[in-house]
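Input: a single structure, listed below in structure tokens.
Atoms within each ligand, like the ligands themselves, are counted from 1 in listed order. Bear in mind that the values here come from a model prediction, so they are computed numbers and not experimental data.
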Amino acid sequence: MDSSLVLAPMAGISDLPFRMINRSFGCGLAFTEMISAKSLINNSRKTLRMISVMPDDRPLGLQILGYDPETISRAMDFVSQYPFDLIDFNAACPVNKVVSKIEGAGLLREPDRFQELLTVIVRNTNLPVTVKIRSGWDQTSLNAVEIALRAQDAGVKALTIHGRTRMQGYSGTVDYNIIREVKAAVQIPVIASGDAFSPQLIKKMFCETGCDGVAIARGSLGNPWIFREASGYLRDGTVPSRPKVREVGDVMRRHLSMLAEYRGEKSAVIVFRKFFSWYTKGMAVKEFKRKAFRAEDIEGMTALIEDVEGCMAADTPVEATVV
Ligand SMILES: Cc1cc2nc3c(=O)[nH]c(=O)nc-3n(C[C@H](O)[C@H](O)[C@H](O)COP(=O)(O)O)c2cc1C
């Protein structure tokens, strides 16, 4: 396991089966998707499922989102009974619904509040606290260095920085310079995020920024092999061969079966529809993808996986593609 390769949190994606599939290819640390402090104290069934863990699903960070110190401290109390390895605070989410409540990346514009919330979290948990930030709100307010120093002062043990501004969302390319500046300014470990789409780009991130770890997000969708490949490339400069169609089919079946166990058949099939499309990206199987979006049960989805295998030679290597 290469502990410098991290599975980045992704809302609607980073559930237990997704994490376990990526762990089986060498991902070190993983995170839950962001969960609001408010929903944690409301104890809803959906939230309880989001925070369910398995003994092998470690080390695992719980990522929380919030603006109100009282709610956050109650949420810390609630999660203390769960076996997380760290608490990660989200100050990076760019979506309107979140930043309009001054949560997520909205906090980059309120450094005092940001620091206060981290201080509250550190005070109310025995676990190490980490934080995820962006380079700033927009190009005219690149304050990641100030924000990172404030996080460090609050007692945060490591930080992840996505090298884009809130206003950029996911557009444009990652800014290596700001990540390098943050790394040079703080004493705590820095995990870099942004455009970790291939072993080469991951190595570039380490070289350009001096970061301690790289978080992989979109590059892992339907492509857990990226952990094996990046790890090999970082070790000796060679990229292990791409998976063959047969191996992709096996991983798809394993993922689907874990989803079924975790969510029940109906919901598993719905969640797996997008994964079907990601796993088969770059393959000439358009018709099967279309059918997968209408599949209603495990049997139907499994038959489609077999159709993919049947129409391509089992030992065809699958090209790496960016989702
Ligand atoms: C669908 C999706 C959901 C995301 N959800 C979260 C989230 O819940 N928490 C978070 O900190 N970042 C979230 N992110 C941001 C990623 O963790 C990552 O920082 C970003 O995608 C840049 O990395 P990449 O270019 O390798 O994809 C999300 C990204 C995507 C694409």
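Applying the side chain to side chain contact (heavy atoms under 4.5 Å, CB included) rule to Asp57 yields the partners Leu16, Arg19, Met20, Arg23, Val53, Met54, Leu60; only residues at least two apart in sequence or on another chain are considered. Remark: Ser24 engages Arg254 in a side chain to side chain contact (heavy atoms under 4.5 Å, CB included) (not counting sequence neighbours).
At a threshold of 4.0 Å, the pair Glu287-Arg290 counts as salt-bridged, since one of the basic side-chain nitrogens sits closer than that to a carboxylate oxygen. A salt bridge links Asp250 with Arg253: the closest approach of a Lys/Arg side-chain nitrogen to an acidic carboxylate oxygen falls below 4.0 angstrom. For Arg58 and Asp85, the salt-bridge test passes: some basic side-chain N is under 4.0 Å from an acidic carboxylate O.
The distance criterion of under 3.5 Å between nitrogen or oxygen atoms is met by Ala11 with respect to ligand 1. Residue Met34 has at least one nitrogen or oxygen atom sitting less than 3.5 Å from a nitrogen or oxygen atom of ligand 1, judged on distance alone.
Aromatic ring centres of Phe18 and Phe275: separated by under 6.0 Å.
The shortest contact between atom 25 (O) of ligand 1 and any protein heavy atom is with Asp195 N, 2.6 Å. Looking only at heavy atoms of the protein, atom 13 (C) of ligand 1 is closest to Pro9 O, 3.0 Å. Here the heavy atom of the protein found nearest to atom 1 (C) of ligand 1 is Ile13 CD1, 4.0 Å. Shortest contact from atom 18 (C) of ligand 1 to any protein heavy atom: Ser193 OG, 3.3 Å. Scanning the protein heavy atoms around atom 28 (C) of ligand 1, the nearest turns out to be Tyr170 OH, 3.2 Å.
Once rounded to the nearest 0.5 Å, the distance linking CD1 of Ile216 with CD1 of Ile202 reads 3.5 Å.
Contact analysis leaves Gly219 out of contact with ligand 1, as no non-hydrogen atom separation drops below 4.0 angstrom. Under a 4.0 Å heavy-atom criterion, Cys93 is not in contact with ligand 1.
Of the listed residues (Arg164, Arg134, His162, Lys132), the one carrying the non-hydrogen atom nearest atom 16 (C) of ligand 1 is Lys132. In this structure, of Met10, Arg218, Gln63, the residue bringing a heavy atom nearest to atom 11 (O) of ligand 1 is Gln63.
Within ligand 1, counting atoms from 1 as listed, the ones closer than 4.0 Å to a heavy atom of Ala8 are 17 (O).
Sparse packing is recorded around CG of Asn126, with 12 or fewer heavy atoms of other residues, nucleotides or ligands lying under 6.0 Å away.
Only the side chain of Asn90 comes within 4.0 Å of ligand 1, counting heavy atoms alone; its backbone N, CA, C and O stay farther away.
Test Asp112, Asn143, Thr119 against Arg150 for side chain to side chain donor-acceptor pair (under 3.5 Å) and you get one pass: Asp112.
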